[in-house]
Amino acid sequence: MKIALACDHGAFDHKEAIREELLKRGFEIEDFGCYSSASVDYPDTVYPAVKSVALGKNEFGVVLCGTGIGASIVANKVKGIRCALVYDTQTAAITREHNNTNVLAMGGRLVTPDEAVEIALTWLNTLYPADPRHQRRIDKITAVEAKEGEHDERC
Ligand code: RB5
């Protein structure tokens with residue numbers, strides 16, 4: 001399974017810990033940076049990472065910034081991306097089961113690197129059960145996305 005990773009300086013250690021653990025477990029990683037704890041703007045790393053998921057080059061993405069908020073906002077701007085910002089394993093599992101999320105966001109100032117690894121593994125190891133109730137709701141999200149992409153006559 002191919003995973004896109006991205007972070008800003010607020011979660012560099014977390015991204016490194018996730019990368020090392022996923023590589024040990026046989027995942028393929030595309031690392032979009034950052035590559036040190038020097039300050040960077042999270043859209044610069046997160047956007048190419050989530051775009052690679054939207055284009056099918058990577059199956060899932062894990063994106064991090066200080067809070068995870070900016071990273072999740074960027075991710076959810078990209079068509080085809082369903083990104084959830086979580087801080088624990090319970091919501092990580094639920095968002096795979098209910099929302100079939102393809103990108104996970106976390107905040108380096110809110111969870112430790114070890115917790116981030118555990119949350120990412122929980123999320124990646126939880127299958128989407130394709131329950132019709134949840135699929136209906138996800139289809140409606142996709143419909144909202146399509147409608148927002150249409151030309152707005154009022155502009
Ligand atoms: C960077 O200082 C910080 O704003 C960023 O990591 C993130 O928390 C934004 O949502």
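When a ligand or atom number is given, it counts from 1 through the structure's own listing order. Computation of the quantities below employed the complete heavy-atom set of this structure, encompassing side-chain atoms and omitting hydrogens, waters and symmetry-equivalent molecules. Owing to the predicted nature of the structure, the values given are computational and were not obtained by experimental measurement.
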Are the side chain of Arg96 and the backbone N or O of Leu124 linked by a donor-acceptor pair below 3.5 Å? no
Following the transitive rule for hydrophobic clusters with a side-chain heavy-atom cut-off under 4.5 Å over Ile, Leu, Val, Met, Phe, Trp and Tyr, establish whether Val117 and Leu85 coincide in one cluster. yes
Report the C-alpha separation of Asp139 and Gln135 in whole Å, then their side-chain angles, then the decisive distance to 0.1 Å, and conclude whether the side-chain hydrogen bond (donor to acceptor under 3.5 Å, both in side chains) test is met. CA-CA 6 Å; Asp139 290 345; Gln135 190 55 52; 2.8 Å; yes
Could you list the cluster mates of Ile94? Members are the ILVMFWY residues connected by side-chain heavy atoms closer than 4.5 Å, either directly or through other members. none
Enumerate, one pair per line, all nitrogen or oxygen atoms of ligand 1 lying under 3.5 Å from a protein nitrogen or oxygen, stating the separation to 0.1 Å; write 'none' if no such pair exists.
unit_1: ligand 1; atom_1: 6 (O); unit_2: Asp8; atom_2: OD2; d: 2.6
unit_1: ligand 1; atom_1: 6 (O); unit_2: Gly66; atom_2: N; d: 2.6
unit_1: ligand 1; atom_1: 8 (O); unit_2: Thr67; atom_2: N; d: 2.9
unit_1: ligand 1; atom_1: 8 (O); unit_2: Thr67; atom_2: OG1; d: 3.0
unit_1: ligand 1; atom_1: 10 (O); unit_2: Thr67; atom_2: OG1; d: 3.1
unit_1: ligand 1; atom_1: 10 (O); unit_2: Gly70; atom_2: N; d: 2.8

Residues Glu20 and Lys24 bridged, charged N to O under 4.0 Å: no
Given the options Thr89, Thr91, Thr101, Thr95, Trp123 meets side-chain hydrogen bond (donor to acceptor under 3.5 Å, both in side chains) only with Thr101
